[in-house]
Protein chains: 2
Amino acid sequence: MIDSAEAAAERLAMDRDLLGRTSTAERVAAILRERITEGVFEPGARLSEETIGTALGVSRNTLREAFRLLSHERLLVHQLNRGVFVRRLTAEDVVDLYRVRRLVECAAIRGAVPPSPQALAALREALAEAGRAAAQERWHDVGTGNMRFHQAVVALAGSERLDEMMRQVLAELRLTFLAMKNPRAFHEPYIGRNREILKLIEAGDAGGAERLLDDYLADAEAQLVRAHS
Amino acid sequence: MIDSAEAAAERLAMDRDLLGRTSTAERVAAILRERITEGVFEPGARLSEETIGTALGVSRNTLREAFRLLSHERLLVHQLNRGVFVRRLTAEDVVDLYRVRRLVECAAIRGAVPPSPQALAALREALAEAGRAAAQERWHDVGTGNMRFHQAVVALAGSERLDEMMRQVLAELRLTFLAMKNPRAFHEPYIGRNREILKLIEAGDAGGAERLLDDYLADAEAQLVRAHS
DNA sequence: AACATAAGGATCGTTCTACGATCTGACAAT
DNA sequence: ATTGTCAGATCGTAGAACGATCCTTATGTT
């Protein structure tokens with residue numbers, strides 16, 4: 001009986017952080033994050049403590065904590081004595097973001113031979129999700145699916161910290177997507193290209209996958225830079 | 001006269017963010033960050049809002065903002081209704097940190113041919129600094145110099161965001177260094193190895209530099225993992 | 001007319017007080 | 001020995017207050 005009790009305790013320990021205990025500030029941040037990536041608050045817009053605080057029914061202190069969280073994710077910029085603003089990305093920001101993506105994603109593919117089964121499953125699932133969204137013409141969700149695919153690419157490296165970093169990079173990228181007026185034309189073509197990349201990864205051809213990914217990123221970057229000039 | 005006025009304005013624009021306009025919370029965070037990396041607050045220690053707030057003469061709200069900043073840097077961990085604690089790193093954390101370092105630093109070297117003159121200068125300067133510190137037996141500063149060298153390695157990639165990420169990784173690593181009881185034996189040998197790496201980079205031999213760097217990281221990781229078990 | 005200055009209002013930065021919620025540890029009951 | 005209960009400490013959040021800073025507008029100067 002002792003064994004099973006210990007085993008059960010061990011299983012519970014794994015669920016511990018799943019016990020979603022979140023503070024009000026974090027929940028407020030989650031709401032604002034969604035509104036920002038939806039484009040409800042446009043880049044450059046100021047988020048007044050007073051206005052938003054009363055609208056959400058939270059105190060200024062709590063709201064300020066939420067602002068801090070989002071500033072660290074680079075979704076907001078904080079100017080002393082002026083307030084927080086939705087980040088407005090420049091062409092240089094886009095270039096920098098893609099520098100990071102190229103370096104990290106390509107290295108992740110190169111370093112993962114053979115790829116872990118879980119990471120492969122995540123890649124396939126993200127691709128399938130993007131496909132479903134496209135079939136239903138939910139173009140925003142196609143973008144989400146594509147981003148999740150590249151999140152899974154980074155997951156090939158098997159590092160929590162890299163995953164976390166990529167989450168941030170992709171969240172910032174979301175801000176740039178808002179500038180594209182035709183979401184379908186922008187997102188749809190990349191589904192097929194991701195499928196090609198996955199095919200090469202599955203075939204064990206890391207070099208080929210890396211080349212394809214590099215082209216992919218170059219094209220996306222060029223499109224976004226053009227839209228941000 | 002117009003030209004020089006514009007030129008002057010442009011120069012000033014570069015100094016703008018140097019004009020240290022920082023809030024109290026950020027200054028408090030800077031102080032705590034230093035104390036933590038110094039080891040004054042040991043890993044696992046709880047930082048009471050009340051105690052530290054009165055000690056530093058700031059209000060709880062301000063202090064909480066500082067805590068948030070440091071939590072995002074992973075120097076502190078925040079537990080709901082329990083307070084903040086100095087992060088205690090596990091052997092898995094060390095492994096993860098070195099996974100990131102290996103991927104990012106090696107890719108930065110491989111991608112930077114030829115390296116930019118500024119990045120090379122930063123590498124040389126960091127190495128010289130570590131050498132000076134060693135000559136004066138300031139072992140803690142030797143560690144700082146070595147870390148700055150690897151910060152400069154990442155700077156080869158030319159990405160602000162990667163630089164920022166590396167800053168965080170190295171700050172976390174500082175926490176693990178505290179576990180090494182003999183700082184000289186730990187830090188000193190790496191000066192020479194960094195010098196070898198720089199030599200190969202200067203010679204344009206990115207592949208060789210990458211191999212050396214990989215060995216370097218493997219050895220450091222092994223030492224730290226052993227100390228964290 | 002162009003520029004410098006001053007006044008006013010809005011908003012932020014920070015502090016203080018307050019109270020409910022939650023954790024911890026100790027003691028009592030089973 | 002395990003469980004239940006309670007008190008103390010600390011955190012989470014709210015709200016009011018006031019000085020500091022920024023922006024805008026009005027006023028004055030050259």
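Counting heavy-atom neighbours within 6.0 Å of B:Glu125 CD, excluding the residue itself, gives a total above 12. Around CZ of B:Arg174, the count of heavy atoms belonging to other residues, nucleotides or ligands within 6.0 Å exceeds 12.
Atom CG of A:Leu56 is separated from atom C1' of D:dA14 by 15 Å (rounded to the nearest Å).
With rounding to the nearest 0.5 Å, the separation of CZ in B:Arg68 from CZ in A:Arg64 is 13.0 Å. Distance check: B:Leu162 CG to B:Gln151 CD gives 10.0 Å after rounding to the nearest 0.5 Å.
Inspection of the B:Thr144 and B:Arg138 side chains reveals no N or O donor paired with an N or O acceptor under 3.5 Å.
A:Ala29 and A:Leu69 make their closest contact through CB-CD1, 3.9 Å (heavy atoms, listed as atom of the first residue, atom of the second, distance).
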For DNA chain C, what is the dot-bracket line, given that a base pair needs Watson-Crick (N1 to N3, plus N6-O4 or O6-N4) or G-U wobble (N1-O2 and O6-N3) geometry with both distances under 3.5 Å, and | means paired with another strand? ||||||||||||||||||||||||||||||
B/S/- contact track for nucleotides 7-16 of chain C, protein heavy atom under 4.0 Å: ----SSBBBB
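Each of B:Arg101, B:His150, B:Arg102 was checked for a side-chain hydrogen bond (donor to acceptor under 3.5 Å, both in side chains) with B:Tyr216, and the lone residue meeting it is B:His150.
Applying the side chain to side chain donor-acceptor pair (under 3.5 Å) definition to pairs two or more places apart or across chains, those involving residues 83-92 of chain A are A:Thr90-A:Asp93.
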